[in-house]
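This report refers to the structure that appears directly beneath it.
Side chains included, hydrogens not; waters and symmetry mates left out as well; all remaining heavy atoms used. Residue numbering restarts at 1 for every chain, and letters A, B, ... go by the order of the sequence lines.
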Amino acid sequence: MSGLVVNDLHVFHGAIRAVDGLSFSVETGQLAAIIGANGAGKTTLLRALTGLKSVQSGSATWNGESMLRQKPENLVRQGIVHVSDGKSVIPELSVKENLALGGLWRRDKKDVAIVTKEVLDLFPRLGERMSQSADTLSGGERQMLAIGRSLISRPSLLLLDEPSLGLAPLVIEQIFQAIKSLQARLNLTVVLVEQNAMGALRIADIGVIVNLGRLVTVGPSQELINNPALRAAYLGY
Amino acid sequence: MLKRKPTTQVQIDMDKNIARRKIIGAAFFIFLGIALYVASNIVDELRVYQGATVAVYVVAISSIILLTGYSGQISLGHGALMAVGAYAAVLSRNYWNFPIPLTFAVAVLAAALFGALLGMAAGRLSGPYLAGTTLALAVGLPSLANQFKILGGEEGLTYDVGFPPLALGQDFTQYKWFFWIAALAALAATWVIFNVLGSRYGRQWRALRSNPTAAALLGVHVARSKVLAFTISSGVAGLAGALMSMTISLVTPSAFPLSLSFAIVTGAVLAGVTLLTGSIVGAVVLVAIPEVTAALATHLGGSEKVTSNLPGLMMSALLILSVLFFPNGPQLHRRKTRKS
Amino acid sequence: MSRIINTLLIGISGGSIYSLMSLALVLVWRSTRVVNFAQAGQAILSTYIGYVVVTHTDNYWLAFPVALLSGALIGALVDIFLIRILARRANSGPVAAIAPVIATLGLLGLIRAIVGMIWGGDLRRFKLPVTNHGFTFGHTTIPFAPINLLIVVTTVIVMLIFSVIFQRTNLGLALRASAFSPEIARLAGVRVDLTRTIGWAFAGAAGAIAGVLVTPTNYLSPNSLDLLLVSGFVAAVIGGLESLIGAALGGLVLGISLAFVLEYISSSLAFPVAFVVLMAVLLIKPAGLFGGKRVRSA
Amino acid sequence: MDNRSTLLSIDSLSVSFGGLKALANVSLDLHAGEVVGLIGPNGAGKTTFFNALSGLVSVASGSLRLYDQDQKWPQPHDLVDLGIARTLQGVGLFPDLTVLENVMLGATKFSEGGLIRAALGLEGRTERKLQTLAMNALERVYAAGIAHQRVDSLPYPVTKRVAIARALVSEPKILLLDEPAGGLGIQDIDWMNGLIRNLAQNCAILLVEHHMDVVMSVCHRLYVLNFGEVIASGDAKSVRENPDVVAAYLGTQAVH
Amino acid sequence: QAFSVHAETGVTATQIKLGITIPLTGSAAPGYSKIPSAMQAYFNYVNDNGGVYGRKISLVVKDDAYLPTLAVAKTNELILKDKVFAVVGALGTANNKAVAKSVNLGRRGIPDLFVNTGYSGFADAKKYPTTFSLFPSYIMEAKIMGQYIKENFAGKKLGLIYQDDDFGTDALVGFKQAGVKFDVSVPYASGSQSAQSAQGWIGKLKAAGAEVVVMFGVTTASGAALATAAAMAYKAQWILGSVGGDATTLKAVGVPAYVLTGAMGASFLPAPTDTTDEYVKFFQGINTKYNGDAVFDNNVLVAMNTAMMAVQALRAGGKNLTHASVMSGLENSGSSFASASLSPINYASGVHVGYSGYWFGTYNSAGELKPNGGAYSVYTTDSGAGAIVKSTFKRPALPANGLPTN
Ligand SMILES: Nc1ncnc2c1ncn2[C@@H]1O[C@H](COP(=O)(O)OP(=O)(O)OP(=O)(O)O)[C@@H](O)[C@H]1O
Ligand SMILES: Nc1ncnc2c1ncn2[C@@H]1O[C@H](COP(=O)(O)OP(=O)(O)OP(=O)(O)O)[C@@H](O)[C@H]1O
Ligand SMILES: [Mg+2]
Ligand SMILES: [Mg+2]
């Protein structure tokens with residue numbers, strides 16, 4: 001089975017069942033938005049998928065191969081790249097070094113150069129800040145840097161945790177557009193965790209709504225947007 | 001989602017909390033005092049002497065708990081501050097013939113003053129920079145004693161608290177006297193520290209430890225508050241220094257080596273750094289382990305090379321294992337519950 | 001005039017030894033954010049291993065690489081069996097700040113005890129690689145000998161190598177990233193465990209070099225590098241812990257100031273002077289001569 | 001010109017970091033009873049503006065008037081006494097303290113007695129007073145029930161409210177809120193809206209926020225920063241329609 | 001005097017328990033850590049030959065890492081837990097001072113025999129009623145050395161390196177009493193000695209043009225000084241104090257033989273390498289048989305000599321061994337004990353300092369200290385203003401088989 005398949009996944013934080021039997025799948029090339037209130041277990045899900053958090057039971061496969069019980073750095077080499085929430089840059093390093101980090105392990109240095117340039121075109125702000133250390137960046141600039149770095153790893157599956165957090169509306173729009181166009185251009189599979197439900201669903205192919213660690217519903221995003229019950233309960237419009 | 005209690009109910013809970021804390025605290029110290037009194041009468045002289053040493057370490061470890069566990073500053077130089085206290089005490093005794101309790105007060109004040117100066121100078125330092133400065137202090141200060149005749153050089157100055165008062169009876173030994181003095185001082189010191197840590201000062205230290213910026217924005221004068229912690233901690237260390245010198249009746253630079261500074265930090269870690277009551281555990285371990293490991297080494301036998309190094313080996317191994325497996329000290333359960 | 005120059009030379013040759021030790025400490029700091037008090041212990045163990053080679057082969061130049069490699073190996077083992085576990089278990093709260101201090105102090109004691117068990121406490125002598133007889137110009141012999149030259153040159157070479165590695169190579173970037181933020185480094189594909197172990201191995205090698213260079217002019221015993229650890233640490237803090245140049249310079253600043261104070265003020269003030277020099281530097285620059293910039297606070 | 005009393009008035013504030021001009025000649029007024037929004041793209045200098053006002057970065061030039069008096073740029077720890085309270089971007093609570101302790105810290109300026117009293121355990125009265133104040137503040141953000149929980153055990157939206165309570169407890173005349181709704185879900189954002197409006201009855205608020213629905217529904221006036229300069233100011237509607245603001249910040253199709 | 005019926009603590013019908021605190025680990029351990037096993041070696045020899053009136057001697061050894069706090073703690077263990085009969089050979093000035101006061105051996109009446117320090121304060125038998133020093137004080141050593149310098153190196157430029165603590169400052173007192181002024185003196189902080197710091201010392205001596213240099217420091221310091229002097233091509237007549245003059249250790253810390261050759265040293269014992277000396281020869285035999293053939297250096301010699309003194313003290317205490325009997329035995333007959341020392345023993349009623357004299361020698365190319373003038377000539381004095389006199393003392397011969405018969 002190609003794509004991302006999550007089956008009956010359970011992840012605990014101590015006694016808290018942060019992810020409680022979640023199943024869904026995302027086909028290759030699709031953009032899935034994962035929506036849910038604070039504490040729904042979205043972050044935990046992503047951390048479990050990329051080896052940052054150990055899982056209790058269940059399975060998760062990418063293109064048929066299990067992703068679980070692997071180190072994050074090995075998953076990166078398989079094209080599975082996770083941009084964690086909020087602070088996914090190393091403040092002590094310069095912008096340039098943060099970007100370089102994403103391509104350190106790659107052999108194809110030419111492509112690293114190409115994709116770095118693409119990233120700088122996408123986020124010109126970063127280009128102006130190349131030699132500044134990342135701790136001087138504003139919140140939004142940091143988020144751009146984190147996404148930029150992940151792209152340099154040439155992901156095939158990109159997991160983004162709240163990329164819009166703390167960003168200006170215009171930038172959110174730009175980032176969402178960027179994600180959308182990257183997905184299309186690179187045939188990227190994207191799992192996008194978002195509080196900004198409407199924005200995310202608008203660009204997503206499918207939506208996964210979770211609550212208290214369980215699946216509420218999964219379906220084509222347009223359907224979810226149009227479903228009045230869901231709108232009221234989860235999307236707030 | 002959030003249950004609300006009526007204000008009055010909450011208010012009553014709070015009053016109860018404060019009162020309970022006070023009562024438990026007072027009861028604890030009274031109970032401890034009684035227990036110590038009883039203990040000093042039934043155990044043999046060696047244990048009484050060791051009890052005095054434990055009391056000394058309790059005081060020293062408490063000073064580190066206040067400094068590191070609360071205000072988040074590291075000191076590898078508390079041995080030197082103990083030396084300051086000890087020398088101040090002995091000088092006040094030898095030159096002005098101060099009564100014993102007053103010499104302890106002098107020790108506290110002198111060490112606190114020294115700590116304040118150091119804290120002001122080092123106030124802007126953090127982490128390894130502070131560790132480095134205090135380490136250099138620990139190495140540099142005691143050897144200064146050789147430069148001043150009045151400090152008695154390597155040979156040191158005799159610190160004599162005198163024999164126990166006759167009123168205490170014939171078989172009241174010198175060590176019991178040391179123990180009483182040290183235990184009483186330790187009780188007083190820990191009680192004061194307990195109060196300070198429970199007050200807004202303790203709260204401010206805990207706050208600035210994890211987020212100095214946020215603390216400053218709430219009106220905490222971060223630098224001053226850190227210096228205050230350093231000062232109090234130094235004063236307490238000074239008391240420990242005077243007490244330690246009392247138990248060996250001598251103030252000499254070699255009694256305050258770097259290893260002493262390390263030992264009390266170790267004791268604080270064994271105590272769980274943030275746990276004042278743990279200081280007793282830390283102190284007992286510091287006193288007991290050398291004896292236990294030495295006995296074990298003798299028991300295991302082997303060539304002298306081996307037996308003489310075995311206690312060191314076991315002590316170090318124990319230390320490593322304890323930070324690896326009980327980094328938060330000896331408490332059985334830790335509040336780490338996250339409620340949803 | 002010649003007095004000043006002699007004092008300077010004494011300072012430089014003493015200081016370069018401190019620089020090497022300080023370098024080892026900085027390497028560990030930069031790759032794991034740990035101040036390694038066991039560095040002197042690791043160095044002493046490697047030096048004893050070198051000593052065994054020297055006594056069996058009578059060849060210093062064979063002992064040197066052996067000590068260096070065993071230093072690297074010891075460093076790697078320490079990371080794998082101690083620091084990794086520590087990073088997993090004591091990683092939050094106030095204890096996180098001092099747990100590494102305690103663990104490495106414990107390790108120092110452990111290694112010393114092991115060394116004492118194997119080799120005993122006797123003082124031992126390490127063969128000199130080159131003479132310690134000062135260079136002679138005409139009738140004057142200066143206090144700077146081929147051995148001092150060897151130490152200075154080795155320090156410079158070691159420093160250059162590591163500077164290049166840290167500043168110019170991918171490994172250097174990976175090392176820094178892993179030190180500052182292991183999780184994010186992992187997510188960027190850096191093999192963090194391996195990288196940090198390499199950092200420890202580098203530091204172990206640097207410490208071993210310091211050990212085998214300083215011991216021939218002194219003697220070897222389980223405690224013979226203690227003094228060096230303290231001065232190395234002071235030098236590293238003076239240098240700001242972050243930069244290798246800082247480490248080297250810190251060592252020289254300490255060595256030269258010590259030499260001048262001991263020469264012109266009093267020769268028994270060695271320890272207080274170290275403290276005063278350190279305080280002086282830190283009062284002017286709280287993060288050392290080459291310390292990091294202040295991190296944004298809100 | 002507004003005829004209500006001016007609490008805070010900043011004139012041509014400039015801040016630079018090395019070569020970077022983070023704020024250039026920014027002037028801003030805050031009147032009693034007002035909620036003023038400070039918006040702008042990421043990196044525009046909003047947090048830096050707060051930082052300058054609270055003494056966390058040094059000011060290159062510019063003057064400050066508080067309550068109609070000239071005032072030196074304050075140090076961070078002076079802020080509370082000047083009647084200014086601030087929340088930090090993110091959360092900025094002390095994670096290993098309880099909620100109550102966090103909030104009590106904000107009330108420290110009401111404590112009496114010094115170290116000696118504290119050392120002798122005679123602080124009971126002051127402690128009780130601080131606790132009462134803290135509980136009242138928690139009530140105002142509907143978080144009294146969790147007073148004795150450790151902060152790191154709380155769900156994110158609740159920590160946001162605690163952060164506000166901690167700022168409130170010092171009874172500020174001016175409240176600086178840095179992205180109070182950041183990271184919140186839809187329901188909590190609505191809730192936060194209400195809370196801010198509620199708070200505005202007691203103090204003037206300066207608000208940095210990217211959620212336009214919050215900004216538009218609670219702010220009386222807005223200042224828009226871009227590259228450290230004020231590019232527009234005025235009421236919500238006029239700002240929203242200002243083409244410069246749309247181009248620099250809002251974007252053509254408002255996401256919210 | 002009535003016979004006590006029950007035996008003293010630490011004494012049974014078959015055993016006498018003695019205790020010692022000494023650094024076995026830490027920076028002071030090298031050298032000193034050899035002492036306990038060497039003592040035990042001699043005790044074992046005596047034990048194999050009938051012990052002391054049928055009682056075998058056992059030595060409980062405690063590591064104090066050279067710290068006064070530990071010395072007190074460990075001595076307490078010796079006395080209160082191991083219940084030793086006496087402490088013998090405990091090392092270090094500060095340690096012994098702390099122990100004497102805090103453990104209060106005097107008040108407990110426990111003999112503190114042959115403390116291993118040159119601290120002059122222990123001469124006060126009223127203050128330290130149970131403490132017996134064996135070695136001459138550092139003041140005596142310096143006084144005698146000063147006298148020697150005045151006699152042999154008059155008019156030369158004099159230099160001094162000394163450890164800047166009691167050890168060295170005691171020496172300053174002694175030199176002053178002897179009326180010797182140094183043209184240049186270089187103090188060093190204990191623990192700071194190394195090849196690096198020695199460059200500074202030698203630089204100063206060289207600049208001042210000192211022709212005769214007295215080294216009053218520990219062995220690692222004199223080693224560093226000698227080696228560095230050679231490296232910096234500085235030639236002077238060196239005179240090493242007894243503490244820093246052990247040739248075997250000097251060799252171990254890297255002093256080449258040619259550097260030591262020609263230097264002078266002061267000692268009260270014969271050179272440990274002098275196999276013509278009957279005591280040295282006998283102790284070397286014990287060392288081979290009972291001490292695993294450890295390197296026979298000054299420390300081993302000192303240890304075995306101390307052990308032999310201890311056996312005699314115990315014998316002097318009589319069959320009915322008590323604390324008091326040992327101490328009065330020492331006071332009454334201690335001065336006639338057999339000992340390797342070339343200095344007379346001064347024990348008498350109220351006099352608790354043993355040796356009082358030194359002889360001077362020159363190191364030959366084999367590192368042996370050979371007496372100047374071919375024969376031992378010993379000078380004696382006291383720690384005060386007493387005169388320095390040439391001794392006429394004749395050392396008692398080694399008892400048959402090295403087993404005391406006093
Ligand atoms: N480190 C942790 N320790 C204990 N519990 C945790 C931890 N991290 C998260 N939790 C709990 O697990 C549950 C799911 O949290 P998670 O962070 O995955 O939610 P989320 O959907 O990402 O929320 P948000 O939108 O606020 O980011 C919550 O109840 C949270 O309190
Ligand atoms: N300490 C500093 N050193 C150097 N540059 C800094 C520093 N602090 C902020 N900056 C720079 O100043 C600019 C303004 O930053 P600021 O944090 O004020 O932005 P902001 O408007 O709050 O953005 P956001 O909405 O993303 O939080 C940014 O470009 C940032 O990189
Ligand atoms: Mg999340
Ligand atoms: Mg901001």
**Report entry** Test log, rule side chain to side chain contact (heavy atoms under 4.5 Å, CB included), inputs Leu310(B) and Met117(C)
**Finding:** CA-CA 8 Å; Leu310(B) 206 52; Met117(C) 281 183 173; 3.1 Å; yes
**Report entry** Point-to-point distance, once rounded to the nearest 0.5 Å, from CZ of Phe271(C) to CG of Leu144(B)
**Finding:** 11.5 Å
Query raised in the report: For Ile320(B), is it the side chain, the backbone, both or neither that has a heavy atom under 4.5 Å from a heavy atom of chain C?
Result: side chain
Query raised in the report: At what distance, to the nearest 0.5 angstrom, does CG of Leu258(B) lie from CZ of Phe37(C)?
Result: 8.5 Å
Query raised in the report: After noting the C-alpha distance and the side-chain angles of Leu141(B) and Phe275(C), does the key distance pass the side chain to side chain contact (heavy atoms under 4.5 Å, CB included) rule?
Result: CA-CA 8 Å; Leu141(B) 191 74; Phe275(C) 174 64; over 6 Å; no
Report task. Counting only heavy atoms closer than 4.5 Å, note whether Leu278(C) contacts chain B via side chain, backbone, both or neither. Result -> side chain
Report task. Output the option from Pro311(B), Ala214(B), Ser316(B) having the highest count of non-hydrogen pairs under 4.5 Å with chain C. Result -> Ser316(B)
Report summary line: dist Leu82(C):CG -> Leu324(B):CG (nearest 0.5 Å) comes out at 5.5 Å
Requested in this report: Against chain B, label Val101(C) side chain, backbone, both or neither, depending on which of its atoms sit under 4.5 Å from a heavy atom there.
Outcome: side chain
Query raised in the report: What pair of heavy atoms forms the shortest contact from Pro128(B) to Trp29(C), and how long is it?
Result: CG-CH2, 3.4 Å
Query raised in the report: Between CG of Leu318(B) and CG of Leu110(C), what distance do you get to the nearest 0.5 Å?
Result: 11.5 Å
Query raised in the report: Within a strict 4.5 Å, meaning less than it, do heavy atoms of the Met279(C) and Leu118(B) side chains meet?
Result: yes
Requested in this report: Mind listing the closest non-hydrogen atom pair of Arg112(C) and Asn309(B) along with its distance?
Outcome: O-OD1, 4.5 Å
Report task. Please look at Leu76(B) and chain C and tell me whether the side chain, the backbone, both or neither of the residue comes under 4.5 angstrom of a heavy atom of that chain. Result -> side chain
Query raised in the report: Would you find more than 12 non-hydrogen atoms of other residues, nucleotides or ligands less than 6.0 Å from Phe81(C) atom CZ?
Result: no
Query raised in the report: Is Tyr129(B) reaching over with its side chain to a backbone N or O of Gly240(C), donor-acceptor style, under 3.5 angstrom?
Result: yes
**Report entry** Trp119(C) portion near chain B, given a 4.5 angstrom heavy-atom threshold
**Finding:** backbone
Report task. Let me know if Tyr70(B) has heavy atoms under 4.5 Å from chain C in its side chain, its backbone, both or neither. Result -> neither
Report summary line: Whatever's closer than 4.5 Å to a heavy atom in chain C on Leu137(B) counts as both
Report summary line: Rounded to the nearest 0.5 Å, the CG atom of Leu86(C) sits from the CZ atom of Phe325(B) at a distance of 10.5 Å
Report summary line: Under 4.5 Å to a heavy atom of chain B? For Leu108(C) that would be neither
Requested in this report: Name the member of Gly312(B), Gly72(B), Ala121(B), Pro212(B) that forms the most heavy-atom pairs with chain C at distances under 4.5 Å.
Outcome: Ala121(B)
Report summary line: The reported gap from CD1 in Ile64(B) to CD1 in Ile98(C) (rounded to nearest 0.5 angstrom) is 8.0 Å
**Report entry** Most chain C-contacting option - heavy-atom pairs closer than 4.5 Å, from Leu319(B), Thr266(B), Thr133(B)
**Finding:** Thr133(B)
Report summary line: Answer key: most heavy-atom pairs under 4.5 Å with chain B among Ala113(C), Ala103(C), Ala270(C) is Ala113(C)
